[in-house]
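We count ligands from 1, going down the list as the structure has it; atoms in each ligand are counted the same way.
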Amino acid sequence: MRVRPETPSDRGAALAVIESAFAAGATGGRPVEAALLEQLWASPAYLPALSLVAEDDDGAIRGYVITTRARIGSVPSLGLGPVGILPEFQGRGIGSLLVEESIYRAEKLGETSLVLLGSPTFYGRFGFARADERGVHPPDPAWREHFMIRALGGNRVPVGAFRYAAPFEAL
Ligand SMILES: CC(C)(COP(=O)(O)OP(=O)(O)OC[C@H]1O[C@@H](n2cnc3c(N)ncnc32)[C@H](O)[C@@H]1OP(=O)(O)O)[C@@H](O)C(=O)NCCC(=O)NCCS
């Protein structure tokens, strides 16, 4: 398995991964994460270097993660997600690889913080911690411990209100 930035020809496979990873949670029809992904690709917040596929030895795409430009107050930050793994390939470490690679690549790009909404148990192992207790406030206060931040490159986390890329606001 190798993780690399997506190319335009990966988009169909990446979308299929997100559609099937989130299908179980959908109430019928297409999961909202699929439409969100298409909007993020078309958004100025899209960062090609942080849009990653997990590619199997046979060239098939098994997992996908996108990280887009966000802000804490007026300071640039990053929002990670959606991330998804094909259901039959979940639980084999691919999601962990994608999260670790996102952190590594964002740090190399000089980014200072990475934020997400997710499971504290899963993301805690990558150094993410509850954001509101560090002064970074989610768009929805009900997110509580699921809204998490990780400082990058030894930087201090800025404080303020977090804003995802615009397509998230329509969710
Ligand atoms: C969540 C997801 C990206 C993790 O990827 P993965 O390749 O299955 O994860 P890994 O194999 O690297 O890690 C597995 C660990 O994650 C945990 N895990 C998987 N999905 C989880 C979830 N939704 N919530 C909490 N923990 C989860 C597993 O219990 C396992 O824990 P263990 O190592 O203690 O056994 C993947 O399962 C997925 O696509 N799920 C459906 C879509 C989704 O929920 N996306 C994330 C939204 S935040």
Side-chain angles (χ1 to χ4, degrees), residues 1-6 10-41 43 45-47 50-70 77-106 113-134 136-150 152 162-165 167-171:
M1 193 69 58
R2 85 176 170 122
V3 175
R4 60 166 175 79
E6 63 147 331
D10 295 318
R11 291 225 172 150
L15 206 49
V17 165
I18 292 299
E19 280 173 350
S20 78
F22 286 92
T27 51
R30 199 173 186 229
V32 292
E33 290 82 0
L36 171 63
L37 177 55
E38 289 179 314
Q39 289 164 25
L40 290 173
W41 279 331
S43 154
Y46 171 57
L47 302 170
L50 295 176
S51 176
L52 306 176
V53 295
E55 183 181 49
D56 219 334
D57 298 343
D58 62 1
I61 304 302
R62 311 294 193 204
Y64 177 76
V65 63
I66 189 168
T67 294
T68 48
R69 175 62 60 214
S77 180
L78 294 171
L80 184 147
V83 51
I85 310 300
L86 286 177
E88 59 274 37
F89 289 90
Q90 289 176 9
R92 302 185 189 186
I94 304 173
S96 298
L97 266 182
L98 285 174
V99 174
E100 283 164 357
E101 191 71 19
S102 299
I103 294 168
Y104 174 75
R105 286 175 183 257
S113 62
L114 186 54
V115 173
L116 56 79
L117 180 62
S119 154
T121 317
F122 182 60
Y123 291 104
R125 61 181 75 170
F126 309 107
F128 287 86
R130 183 169 174 162
D132 60 0
E133 291 177 349
R134 286 157 184 78
V136 179
H137 299 289
D140 181 347
W143 292 354
R144 298 171 57 83
E145 72 275 16
H146 296 279
F147 182 67
M148 308 179 77
I149 189 162
R150 189 193 192 284
L152 302 175
F162 180 82
R163 287 195 69 182
Y164 270 114
F168 283 92
E169 288 175 7
L171 288 182

Measure the shortest side-chain to side-chain distance between P138 and D132 over non-hydrogen atoms and say whether it is less than 4.5 angstrom.
yes
By ring-ring contact (aromatic ring centres under 6.0 Å, His included), F126 pairs with (sequence neighbours left out) F122
So, applying side chain to side chain contact (heavy atoms under 4.5 Å, CB included) with T67, which one of L78, V115, V99 is it?
L78
Name the atoms and distances for all side-chain donor-acceptor pairs under 3.5 Å in residues 55-63, with sequence neighbours left out.
unit_1: E55; atom_1: OE1; unit_2: R2; atom_2: NE; d: 3.0
unit_1: E55; atom_1: OE1; unit_2: R2; atom_2: NH2; d: 3.2
unit_1: E55; atom_1: OE1; unit_2: R4; atom_2: NE; d: 3.3
unit_1: E55; atom_1: OE2; unit_2: R4; atom_2: NH2; d: 3.2
unit_1: D56; atom_1: OD2; unit_2: R62; atom_2: NE; d: 2.7
unit_1: D56; atom_1: OD2; unit_2: R62; atom_2: NH2; d: 3.1
unit_1: D57; atom_1: OD1; unit_2: M1; atom_2: N; d: 3.3
unit_1: D58; atom_1: OD1; unit_2: A60; atom_2: N; d: 2.9
unit_1: D58; atom_1: OD2; unit_2: R62; atom_2: NH2; d: 3.3

Result block: side-chain N/O donor-acceptor pairs under 3.5 angstrom for residues 81-93, not counting sequence neighbours:
unit_1: Q90; atom_1: NE2; unit_2: I85; atom_2: O; d: 2.9
unit_1: R92; atom_1: NH2; unit_2: E88; atom_2: O; d: 3.1

Non-hydrogen atoms closer than 4.0 Å to ligand 1: which protein residues do they belong to? List them by chain and number, please.
A21, F22, V83, G84, I85, Q90, G91, R92, G93, I94, G95, S96, L117, G118, S119, F122, Y123, R125
Just how far is it from atom CZ of R150 to atom OG of S113, taken to the nearest 0.5 Å?
11.0 Å
